[in-house]
Novice: 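Just dropping this structure here.
Keep in mind that the numbers below use all heavy atoms, side chains included, and drop hydrogens, waters and symmetry copies. Quick caveat: nothing in here was measured; it's all calculated off a predicted structure.
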Amino acid sequence: MPKQTDKNLGLFFKKARNEQKLTYEELAEMSEMSSRYLKEIENGGRIPSFPKIRKLVRALNVSPEPLFYPDNHTDSLDYKRLLVYLSKCNDEQVTAILAIVEAYLRTYRTPADYEN
């Protein structure tokens with residue numbers, strides 16, 4: 001009996017495949033999976049194992065971040081600017097920035113938090 005999944009996982013891979021104008025057969029060859037199995041993933045009928053997700057991510061050359069953090073705003077200009085700044089930092093600077101962000105997130109409260 002196939003494992004069930006939500007549609008988001010399948011839609012993620014379908015969108016990436018379509019954007020690259022790949023057929024099921026082409027992606028199947030690149031990811032070492034059958035085209036039938038890929039169709040089942042895309043249609044939300046199968047949950048691929050983590051190694052298979054990794055193969056698909058690599059074959060499609062996409063970031064897996066949206067799969068694990070779907071609410072991130074990776075398309076926002078601020079996010080992209082932050083990535084550019086981080087890419088210019090050395091290891092010591094990245095460690096310091098990480099500590100600041102972690103401290104901020106531990107203490108950050110939304111306006112809704114104050115209502116309770």
Novice: Write out all pairs satisfying salt bridge (charged side-chain N to carboxylate O under 4.0 Å, His left out) with one or both partners inside residues 88-100, taking only residues at least two apart or from two chains.
Specialist: none

Novice: Looking at every non-hydrogen atom in both residues, tell me the closest pair between K7 and N43 and how far apart they are.
Specialist: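 Looks like NZ-O, 2.7 Å.
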
Novice: Examine I100 and V84 and state if one hydrophobic cluster contains both, with Ile, Leu, Val, Met, Phe, Trp and Tyr joined whenever side-chain heavy atoms are less than 4.5 Å apart.
Specialist: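 The answer is no; the residues belong to distinct hydrophobic clusters.
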
Novice: What pairs meet the salt bridge (charged side-chain N to carboxylate O under 4.0 Å, His left out) rule with one or both residues in residues 9-24, with sequence neighbours excluded?
Specialist: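 Checked against salt bridge (charged side-chain N to carboxylate O under 4.0 Å, His left out) - neighbours excluded - the pairs reaching residues 9-24 are K15-E19, R17-E42.
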
Novice: Any chance you could measure E26, atom CD, to S31, atom OG, to the nearest 0.5 Å?
Specialist: 11.5 Å

Novice: Evaluate whether atom CD of E29 has more than 12 neighbouring non-hydrogen atoms of other residues, nucleotides or ligands under 6.0 angstrom away.
Specialist: no

Novice: Tell me, yes or no, whether the heavy-atom count around Y85 atom OH, taken from other residues, nucleotides or ligands under 6.0 Å, exceeds 12.
Specialist: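 At most 12 heavy atoms, drawn from other residues, nucleotides or ligands, come within 6.0 Å of this atom.
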
Novice: Looking at L38 and M33, what are the two nearest heavy atoms and their distance?
Specialist: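 The pair with the smallest heavy-atom distance is CD2-SD, 4.0 Å.
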
Novice: Anything under 3.5 Å between a donor and an acceptor, one on a side chain of residues 48-57, the other on a protein residue two or more places apart or in another chain? List them.
Specialist:
{"from": "S49", "atom 1": "OG", "to": "K52", "atom 2": "N", "distance (Å)": "3.4"}
{"from": "K55", "atom 1": "NZ", "to": "E32", "atom 2": "OE1", "distance (Å)": "3.0"}

Novice: Applying side-chain contact (heavy atoms from CB on, under 4.5 Å), name anything that partners T95, two or more places apart in sequence or on another chain.
Specialist: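 Testing T95 for side-chain contact (heavy atoms from CB on, under 4.5 Å), a comparison that skips the adjacent residues, returns none.
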
Novice: Taking atom CG of L9 and atom CG of L67, what is their separation to the nearest 0.5 Å?
Specialist: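 Output value for this atom pair is 6.0 Å.
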
Novice: Step through the shown structure and confirm whether more than 12 heavy atoms of other residues, nucleotides or ligands are within 6.0 Å of CG on N61.
Specialist: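 No.
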
Novice: Among residues at least two apart in sequence or on other chains, which ones pass ring pair (Phe, Tyr, Trp, His ring centres under 6.0 Å) with Y104?
Specialist: Y108

Novice: Donor-acceptor pair, Q93 side chain versus N90 backbone, under 3.5 Å?
Specialist: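 Judged by distance alone, yes, a pair lies under 3.5 Å.
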
Novice: How would you list, by chain and number, every residue that makes a side-chain contact (heavy atoms from CB on, under 4.5 Å) with V94, sequence neighbours excluded?
Specialist: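 V94: side-chain contact (heavy atoms from CB on, under 4.5 Å) contacts with C89.
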
Novice: Is the shortest heavy-atom distance from the side chain of V62 to the side chain of F12 under 4.5 Å?
Specialist: yes

Novice: According to salt bridge (Lys or Arg N to Asp or Glu O under 4.0 Å), who are the partners of R106, at least two apart in sequence or on a separate chain?
Specialist: none

Novice: List for me each residue that meets side-chain contact (heavy atoms from CB on, under 4.5 Å) alongside L82, sequence neighbours excluded, and say none if there are none.
Specialist: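 L82 satisfies side-chain contact (heavy atoms from CB on, under 4.5 Å) with L86 only.
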
